[in-house]
Amino acid sequence: MTPRLTWTDLDISLRGRLEELLGEPVVHTHSCRGGFSPSSAEILSGASGRSLFVKAVREQDNPDSPALNRAETAVLEQMPTQAPVPRLVDAFDHGDWFVLVTEAAPGSLPQQPWTARQLDQVLAALEALQAATTPCPVAGLPTVPEHLGPDMLGFERVAENPPEDLDPWLAERLDALRAAALRGIDALAGDTLSHSDVRADNMLITDDGDVSLVDWAHASRGSRVSDALQLLSSIDDVDGTLRVNDRVDEVLARHGHPRRMGTDVLVGILGFFVDAARLPHNPTLPLLGEHRRRRRDSLFAIVRERWGGG
C-alpha cells in the first residue's frame, strides 16, 4: 500500500488544533495501514484513553486526495446514527491542509488471507447496514451505475486498443464480455446507500465480530447487493475454501436475483482491472499498479469459473 503521511509530517499549529479537538495532549499515535492515498490515517490518543482518527492531506501530496476527503466529509455529515460508521467530529482547512476527524473505530483490519468467519461477519454487517439505509438517507449521491459504470466499461477500452499480453480466453470473448459488463452496470441500480469501495482495508472488525466501515469518499446509491458483490470480487480464494462463487450466488438468491446478474457484475469489475493494469505508473500512488494486476488475475479465475454456468 502507499506510504502515508504521519503525525510528524503535520504542521505544529495543525497538531495543536488537533490536540484541542482531542481535549488533551497527544501521547500516542498509530498509523493505520492500507489504502492508496498518501493522506494521513492516524489514530491520536491522549493519556485519558480518548482517541480520534485523523486524515490530513495537501494537493501537493496527491491532487485527488483532498477532494476525496471532502466528499467523504459530505457523506459523514448525513450518515444515520445507527450505521456502523465512525462519527464525524470535525472537518476543516488549515493552510494547505484539508483535515477530516472522526471518532476512532474499534477493531483491526480483517486477517489476510481472509477467514471464512470474518467474511461471514462482514457480509452480515453489509446486509444489516443496507437494510437500514433503504431508501438511501444521504442526499445528493450519484447512482452506483453513474459512479462505477465508467470504470466497468474497461472491456470497451480493451476492445478499442487490446494490450499485447491480453489473455486468449478474454480475446476470444470480448464482444460477449462487453455485453455482460453493460448488463452488470444496469443491474447495480437501486435506492440503497452503497459504500462502493468495499475491500479489506476499508473496514475494522473487533474480536466480537462487530464491523465498522470506513472511507466513504465513493458512497453512492444503488442495489442492495452492490457492496457485497464488490467485496467478494476483491477476495483471493486460491484453494476455494472461502467459496467465493457460492457466496456470490447466496447473496443474489437472498434478494431474488439470478446467478447471471452476479456474473455480469463481476465481468464489469474484471474489465476495469484488465484495462487499468496497463496504465502508466503513478509515482504518487506507487503500489497501485501491482494491486491492479493482482486483482485482475484473481478475479479472472472467478469469472472463468462462473462464465459457462451463468
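The structure presented is a predicted model; accordingly, all values stated were derived computationally and were not measured. Counting from 1, the numbers follow the sequence of the chain as shown.
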Over all atoms of both residues, closest heavy-atom pair of Thr133 and Pro80: CG2-CG, 4.2 Å

Salt bridge Asp175-Arg178, side-chain N to carboxylate O under 4.0 Å: yes

Step-by-step salt bridge (Lys or Arg N to Asp or Glu O under 4.0 Å) determination, Arg17 to Glu20: CA-CA 5 Å; Arg17 185 166 178 178; Glu20 289 179 8; over 6 Å; no

Side chains of Asp11 and Ser13, donor plus acceptor under 3.5 Å: no

Donor on one side chain, acceptor on other, Ser39 and Ser65, under 3.5 Å: no

Whether Ser234 side chain and Leu231 backbone form a donor-acceptor pair below 3.5 Å: yes

NZ/NE/NH1/NH2 to OD/OE distance under 4.0 Å, Asp215 and Lys55: yes

Asp246 atom CG, neighbour heavy-atom count above 12 within 6.0 Å: yes

Spatial distance of atom CZ (Arg260) from atom CZ (Arg183) [nearest 0.5 Å]: 5.5 Å

Arg292 vs Arg278, side-chain contact (heavy atoms from CB on, under 4.5 Å): CA-CA, chis, key distance, verdict: CA-CA 9 Å; Arg292 287 170 168 171; Arg278 59 181 175 165; over 6 Å; no

Rounded distance [0.5 Å steps], CZ in Phe273 versus OG in Ser233: 6.5 Å

Check: Val238 main-chain N/O paired with Asp236 side-chain donor or acceptor under 3.5 Å: no

Shortest non-hydrogen contact from Val89 toward Glu103: CG2-N, 3.6 Å

Nearest heavy atoms of Leu204 and Pro106, plus distance in Å: CB-O, 3.5 Å

Atom pair CG/CG of Asn202 and Asp197 - distance to nearest 0.5 Å: 5.0 Å

Within one Ile-Leu-Val-Met-Phe-Trp-Tyr cluster: Val214 and Leu44, side-chain cutoff 4.5 Å: no

Thr134 (side chain) donor-acceptor with Gln130 (main chain) under 3.5 angstrom: yes

Nearest heavy-atom neighbours spanning Gly149 and Ile185: O-CD1, 3.4 Å

Spacing of Leu177 atom CG and Glu172 atom CD [to the nearest 0.5 Å]: 11.0 Å

Side-chain touch Leu174/Leu166, heavy atoms, less than 4.5 angstrom: yes

Residue pair Leu266 / Leu270, side-chain heavy-atom distance below 4.5 Å: no

ILVMFWY cluster, Leu76 and Val57 together (side-chain gap under 4.5 Å): no

Verdict with reasoning, Val158 to Leu170, per side-chain contact (heavy atoms from CB on, under 4.5 Å): CA-CA 10 Å; Val158 168; Leu170 297 173; over 6 Å; no

Intermediate values then yes/no, salt bridge (Lys or Arg N to Asp or Glu O under 4.0 Å), Arg4 and Asp61: CA-CA 10 Å; Arg4 289 186 177 273; Asp61 302 312; over 6 Å; no

Nearest heavy atoms of Ala187 and Met261, plus distance in Å: O-CE, 3.4 Å

Asp249 and Arg306 ion-paired at < 4.0 Å: yes

Chi angles and distances behind the side-chain contact (heavy atoms from CB on, under 4.5 Å) call for Trp114, Thr241: CA-CA 10 Å; Trp114 279 84; Thr241 57; over 6 Å; no

Pair Val138-Trp216, side-chain contact (heavy atoms from CB on, under 4.5 Å): steps then yes or no: CA-CA 12 Å; Val138 179; Trp216 282 85; over 6 Å; no

Leu126 and Leu213, any side-chain heavy atoms less than 4.5 Å apart: yes

Under 3.5 Å: donor-acceptor pair, side chain of Asp227, backbone of Ser196: yes

Glu24 atom CD, neighbour heavy-atom count above 12 within 6.0 Å: yes

N-O pairing of Arg247 and Asp120 below 4.0 Å: yes

Whether Asp237 side chain and Leu242 backbone form a donor-acceptor pair below 3.5 Å: yes

Rounded distance [0.5 Å steps], CG in Leu88 versus CE in Met79: 10.0 Å

From CG (Leu5) to OG1 (Thr8), nearest 0.5 Å: 9.0 Å

Heavy-atom pair of closest approach, residues Ser40 and Ala56: OG-N, 2.7 Å

Whether Glu42 side chain and Val54 backbone form a donor-acceptor pair below 3.5 Å: no

Presence of salt bridge, Arg157 and Glu160, under 4.0 angstrom: no

same_hphob_cluster(Ile205, Ile43) at 4.5 Å side-chain heavy-atom cutoff: no

pair Gln112-Pro110: side-chain heavy atoms closer than 4.5 Å: yes

Parallel, tilted or perpendicular: rings of Trp307 and Trp169 (30°, 60°): perpendicular

Thr206 side-chain N/O to Asp208 backbone N/O, donor-acceptor pair under 3.5 Å: yes

Path from Leu141 to Leu188 over hydrophobic side-chain contacts below 4.5 Å: yes

Hydrophobic cluster identity match, Leu129 and Val211, side-chain contacts under 4.5 Å: yes

